[in-house]
Every structure is written in structure tokens, then in C-alpha cells.
Amino acid sequence: MESGQFITLEGGEGLGKSTNLHFIKSFLENQGLSVVVTREPGGTPLAEQIRSLLLEERAEAVADKTELLLMFSARAQHLKEVIHPALAQGQWVISDRFTDATYAYQGGGRQMEVSLIQQLETWVQGLFRPDLTFLLDAPISVSMQRVKERLNNDRFEQEQLPFFERVREAYLVQARNHPDRIQVINANQSLELVQQDMVAHLLPLLQK
Ligand code: TMP
């Protein structure tokens with residue numbers, strides 16, 4: 001029986017996921033909880049190797065099915081080695097991205113069949129889903145500007161505007177389909193307000 005809570009952070013590139021991840025970690029630790037911070041794709045040595053395969057620029061085009069299966073391969077490893085054991089020990093787990101990102105990037109961005117993603121999700125996770133997901137949302141112009149300021153863009157960050165528009169829309173569709181789990185946070189407001197919104201959604205989880 002798992003007793004910790006599983007929180008995921010989602011959203012486009014450059015919307016402050018890392019900053020907010022650390023904010024949530026400190027907030028929960030201040031409540032006396034033991035917190036594991038992790039990320040996808042990645043989170044274990046093997047899954048981090050899969051991450052490198054996925055994000056590195058390469059001459060060979062990566063087939064959509066290859067990309068999708070690698071995402072779920074990394075996830076299977078991450079669940080077995082990190083997420084499930086930590087939750088079972090009563091730790092809280094915060095992951096920088098999880099399966100909603102697959103719906104957004106492979107489903108929306110790459111326009112792959114959603115039913116395929118649903119089948120893999122069920123196969124790899126069974127009924128396991130995050131307890132709470134924050135979706136940091138802002139107009140694409142905001143995230144694109146911040147990504148452009150970075151020096152080394154990965155394979156995904158090099159995609160063009162319509163790809164990111166589809167990613168954003170698919171994330172919002174996920175949020176509409178799972179309103180109890182996914183909280184959409186306006187990332188185009190001050191950090192202080194973003195974090196106030198997050199705390200408002202974390203407090204009920206603490207009472208569980
Ligand atoms: P990030 O560390 O900037 O979040 O980079 C991870 C990249 O991987 C990001 O561009 C989104 C992408 N991604 C997918 O395409 N599908 C997934 O399932 C996950 C977890 C990430």
C-alpha cells in the first residue's frame with residue numbers, strides 16, 4: 001500500500017518548472033515530509049541514458065514510434081526503481097514531467113494516435129496516476145522567448161512554433177479531461193502569484 005503522494009510538474013519549455021519544483025520541495029520539507037525530486041525522461045542511471053538518446057541532436061531521423069517507446073521504456077524503469085519504492089516508504093515524489101508530457105509532445109506535438117499512448121500508459125502503469133499535477137501554462141510567445149535565450153537547445157527545443165502550439169493545446173486537453181488531478185497554473189504572472197496558487201492546491205493534499 002503506497003502512502004506518499006506523487007506530484008508532477010508539466011508545461012512548455014522555459015516556464016519556470018525547475019524553480020517551482022524546488023519551491024514545492026522546500027514547502028513540503030518544511031511540513032516535515034521526506035521528498036524525492038526526480039525527472040522524466042530520466043531519474044535512474046539507465047533512464048538517464050535513455051534521456052540522452054532522446055534529447056541529443058543526431059543526423060538520423062528518430063521515428064515517432066521509437067521516440068514514444070523510449071519515453072515509456074525510461075518511465076517503466078523510473079517507476080520500478082524510484083517512484084514506487086519511494087512512495088511505498090512514505091516519501092513524497094515530485095517529478096519534473098511524467099505521462100501528461102507524452103500526451104502533449106508525442107500525442108500533440110508529433111500527432112501520434114492518443115489511443116496508442118493510452119494503451120502504453122495502461123500497460124506500463126496499470127491504474128497508477130499522479131495524485132496532483134501542476135500544468136504551467138502561458139502563451140507560446142512567452143516560452144519561445146525564454147528558450148531562445150538558452151545556448152544549447154535539445155532535439156525538442158529545436159522544433160518550430162506549430163509543434164509547440166500543438167503541445168500546449170494537448171496539455172490543456174489533458175487538463176480538461178482530468179480536472180480533479182491537473183491544476184492549470186498561469187505561468188505568465190509573477191513567481192509569487194504562481195507559488196501562491198501552488199500552495200493553495202498543496203494544502204488539501206497535506207490533509208489526506
Ligand atoms: P526538459 O528537461 O526540458 O523537460 O526536457 C525533456 C524534453 O522531453 C521536453 O522537451 C519534453 C520531452 N518529453 C516528451 O517529449 N515526452 C515525454 O513523455 C517526456 C516526459 C518528455
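Remember, it's 1-based here, ligands and their atoms both numbered in the order they're listed. We're numbering straight along the sequence, starting at 1.
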Ligand 1 contact by [X], heavy-atom criterion under 4.0 angstrom:
X	value
Lys17	yes
Arg75	yes
Arg51	yes

Carboxylate-amine/guanidinium proximity below 4.0 Å for Arg168 and Asp137: yes
Could you check whether Glu56 pairs with Arg51 (Lys NZ or Arg NE/NH1/NH2 to Asp/Glu carboxylate O, under 4.0 Å)? no
Could you check atom 14 (C) of ligand 1 against the protein and tell me its nearest heavy-atom contact, residue, atom and distance included? Met71 CE, 3.1 Å
Mind checking whether Ala104 contacts ligand 1 via backbone (N, CA, C, O), side chain (CB onward), both or neither, at a 4.0 Å heavy-atom cut-off? neither
With heavy-atom distances below 4.0 Å as the criterion, list the atoms of ligand 1 near Glu40. 20 (C)
Between side-chain atoms of residues 28-35 and protein atoms elsewhere (two or more places apart, or another chain), which donor-acceptor pairs fall under 3.5 Å?
residue: Glu29; atom: OE2; partner: Lys25; partner atom: NZ; Å: 3.1
residue: Asn30; atom: ND2; partner: Ser26; partner atom: O; Å: 3.2
residue: Ser34; atom: OG; partner: Gln91; partner atom: NE2; Å: 3.0

Going by distance only, is there an N or O of Glu157 that falls short of 3.5 Å from an N or O of ligand 1? no
Are any of the side-chain heavy atoms of Gln189 and Asp197 separated by less than 4.5 Å? yes
List the steps, then state whether side chain to side chain donor-acceptor pair (under 3.5 Å) holds for Glu192 with Ser190. CA-CA 5 Å; Glu192 199 187 342; Ser190 72; 5.0 Å; no
Residues Glu159, Arg110; criterion salt bridge (charged side-chain N to carboxylate O under 4.0 Å, His left out); working and verdict: CA-CA 10 Å; Glu159 289 293 337; Arg110 303 277 187 235; 2.8 Å; yes
